[in-house]
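Working notes, beginning with the structure itself.
Throughout, a chain's letter reflects where its sequence line sits, starting with A, and its residues are numbered from 1. Everything quoted here is computed from the prediction, not taken from an experiment.
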Protein chains: 2
Amino acid sequence: MGRWEPDSRGRLQEAALALYAERGFDQTTAAQIAARAGLTERTFFRHFADKREVLFAGSGLLQERIVAAVAAAPAGDGPLAAVTCGLDAAATLLGEARRDLARQRHAVIAANPELRERELAKIADYAAAVAAALRARGVAEPSASLAADAGMTVLRVALERWAGEADDRPLADVMRAAVAELRSVAAGP
Amino acid sequence: MGRWEPDSRGRLQEAALALYAERGFDQTTAAQIAARAGLTERTFFRHFADKREVLFAGSGLLQERIVAAVAAAPAGDGPLAAVTCGLDAAATLLGEARRDLARQRHAVIAANPELRERELAKIADYAAAVAAALRARGVAEPSASLAADAGMTVLRVALERWAGEADDRPLADVMRAAVAELRSVAAGP
DNA sequence: TACGCTCATGTCAGCAACTGACGTCACCCT
DNA sequence: AGGGTGACGTCAGTTGCTGACATGAGCGTA
């Protein structure tokens, strides 16, 4: 047995989600999270840049998957079709997570403005990366940014419905329906 | 003459923008801003909820104008057309500001992740308000959210180009061109 | 076996972002 | 004249976050 319990990072994530859900984000101190994980405050901040980041640990992987799927989309696909491939990849990855945990996390984030800010920033990062991937496919600006951003809007709206109890279908279905809806809204009069 | 110099709020805004531009957001303390405006740190936080908010003072008015324009759009207009009316209103209001100050502000925000987060949050607030206005016009969900969000994406992309030296046309023109671009991207294959 | 390196964590001190409580004083209204 | 109001100052405290340094188990190497 090692000097310390294993997976301190994971323990911090669990502790943080639990405490944020129990007492609220503002009422939770970094020291409390660390104590619950059997660690110190300083160690918390060595693993996560700030108190919010602990809820967004998987976002790097998600971004990689989305970008890879956009880059791998059929060569004939238009910008929005390529982005839709990225959305499928996102739905696949996110759909693997335990839905109750996803909902808890969603509720915590929705309840706090600072956390909503961070989530928006993450999604904006995805959008920037997707726009770059589209440019690599030969899409010019500002079409690339608009398509990428519109796609991430779909991701956000779909995720909101899926994790927010409003829609019981699998995430991939909610997502594809939202893409169709967007197309029809944009085509409309 | 009053007990204090007038317009302390405005002085704080000027001082903050100047200091953020000179030394960077992180290297500027609230006490420094307050001192430059001839006030105390405590007074700064009475006027602005936090260090970032001082750069977003006009956002409430902008949101009101956008929402009012959406609500006042011709009855026959579809969701995206109504949102475009809101974008025109935004372009009008923002176009009145001194462009050099707008660019300075934009550069400061672009240079700092925390400030970008806040800006995204503000625009997301506009989107939520616009979506509500669309619902009041009879647009159902998720079309309302998608149209509102797509519109705010256009606002962001156009503002980025206009304030970021990439496009010298008047803001209203940049905005309308971006709407057209979005429509064509969404219509594409 | 003994030595020394690495690296995750602990400890400690400190700054800066806020916040609450309370005092002060010009201005205004009656 | 006198009392209320509102904008600001002062002070003390909590918390987020950081840098510098210490510690000790695991591990390779002599």
Side-chain angles (χ1 to χ4, degrees), chain A residues 1-57 108-109 111-119 121-122, chain B residues 1-57 108-109 111-119 121-122:
Chain A
M1 174 180 107
R3 182 175 179 188
W4 294 284
E5 298 298 310
D7 193 24
S8 43
R9 189 181 169 87
R11 272 152 48 214
L12 285 168
Q13 292 180 53
E14 280 175 36
L17 180 58
L19 286 172
Y20 292 169
E22 278 173 27
R23 338 159 44 136
F25 178 79
D26 288 332
Q27 274 56 55
T28 304
T29 71
Q32 288 165 356
I33 299 169
R36 178 136 167 179
L39 296 163
T40 64
E41 187 190 19
R42 191 67 184 85
T43 297
F44 177 91
F45 285 111
R46 261 193 281 261
H47 281 281
F48 304 100
D50 59 52
K51 244 180 84 181
R52 309 175 221 172
E53 200 62 20
V54 65
L55 289 181
F56 299 91
V108 166
I109 292 173
N112 189 279
E114 298 178 56
L115 293 171
R116 288 196 319 123
E117 275 191 18
R118 179 58 53 86
E119 177 150 84
K122 291 291 181 191
Chain B
M1 172 179 112
R3 183 175 177 187
W4 295 285
E5 298 298 309
D7 193 25
S8 44
R9 191 181 169 87
R11 273 153 47 214
L12 286 168
Q13 291 180 55
E14 281 176 35
L17 180 58
L19 286 172
Y20 291 169
E22 279 173 27
R23 335 159 45 130
F25 177 80
D26 288 332
Q27 274 56 54
T28 304
T29 71
Q32 288 166 355
I33 299 170
R36 177 138 168 178
L39 296 163
T40 65
E41 187 189 18
R42 191 67 184 85
T43 297
F44 176 91
F45 285 111
R46 261 192 281 259
H47 281 283
F48 304 101
D50 58 52
K51 243 180 85 181
R52 308 177 223 171
E53 200 61 22
V54 65
L55 288 181
F56 299 91
V108 167
I109 292 173
N112 190 278
E114 297 178 58
L115 291 171
R116 287 197 318 124
E117 276 191 17
R118 178 59 51 86
E119 176 152 83
K122 291 293 180 188

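The phosphate of D:dT14 has neither OP1 nor OP2 within less than 4.0 Å of any side-chain N or O from A:Thr29. Residue B:Thr40 places at least one side-chain N or O under 4.0 Å from the OP1 or OP2 atom of D:dG9. A sub-4.0 Å separation between OP1 or OP2 of C:dG10 and a side-chain N or O of A:Thr43 is present. Not one side-chain nitrogen or oxygen of A:His47 sits closer than 4.0 Å to the OP1 or OP2 atom of C:dA8.
In this structure, CZ of B:Phe48 is placed 16 Å from C1' of C:dA17, rounded to the nearest angstrom. Atoms CG (B:Leu12) and C1' (D:dC8) sit 11 Å apart, rounded to a whole Å. Per the geometry, CZ belonging to A:Phe45 stands 10 Å off C1' belonging to D:dT18, to the nearest Å. Residue A:Trp4 contributes atom CH2, which lies 9 Å from atom P of D:dA25 at whole-angstrom precision. Look at CD on B:Glu53: it is 17 Å from C1' on C:dT19, rounded to the nearest Å. Atom CG of A:Asp7 and atom C1' of C:dA8 are 14 Å apart (whole Å). If you measure from atom CD of B:Gln27 to atom P of C:dA16, you get 10 Å, rounded to the nearest angstrom. The separation between B:Gln32 atom CD and C:dC15 atom P is 14 Å, rounded to whole Å.
A heavy-atom distance below 4.5 Å is found between the side chains of B:Phe45 and B:Arg42. Between A:Val54 and A:Tyr20 there is a side-chain heavy-atom pair separated by less than 4.5 Å. Between B:Phe56 and B:Ile109, some side-chain heavy-atom pair lies under the 4.5 Å cut-off. Using a 4.5 Å cut-off on side-chain heavy atoms (C-beta onward), A:Lys51 and A:Glu114 make no contact.
When each of B:Arg9, B:Arg46, B:Arg118 is paired with B:Glu53, the salt bridge (charged side-chain N to carboxylate O under 4.0 Å, His left out) condition holds for B:Arg118 and for no other.
Of all nucleotides listed (C:dA26, D:dC8, C:dA8), C:dA26 comes nearest to the side chain of B:Arg3. Comparing C:dA17, D:dT18, D:dG24 by their nearest atom to the side chain of B:Glu41 picks out C:dA17.
Put simply, the side chain of A:Arg46 and the base of C:dG10 share a donor and an acceptor less than 3.5 Å apart. Judged by distance alone, with hydrogens and angles left aside, A:Arg42 brings a side-chain donor or acceptor within reach of the base of D:dG19, the pair sitting under 3.5 Å.
Across all strands shown, B:Ala31 has no heavy atoms under 4.0 Å from either base or sugar-phosphate atoms.
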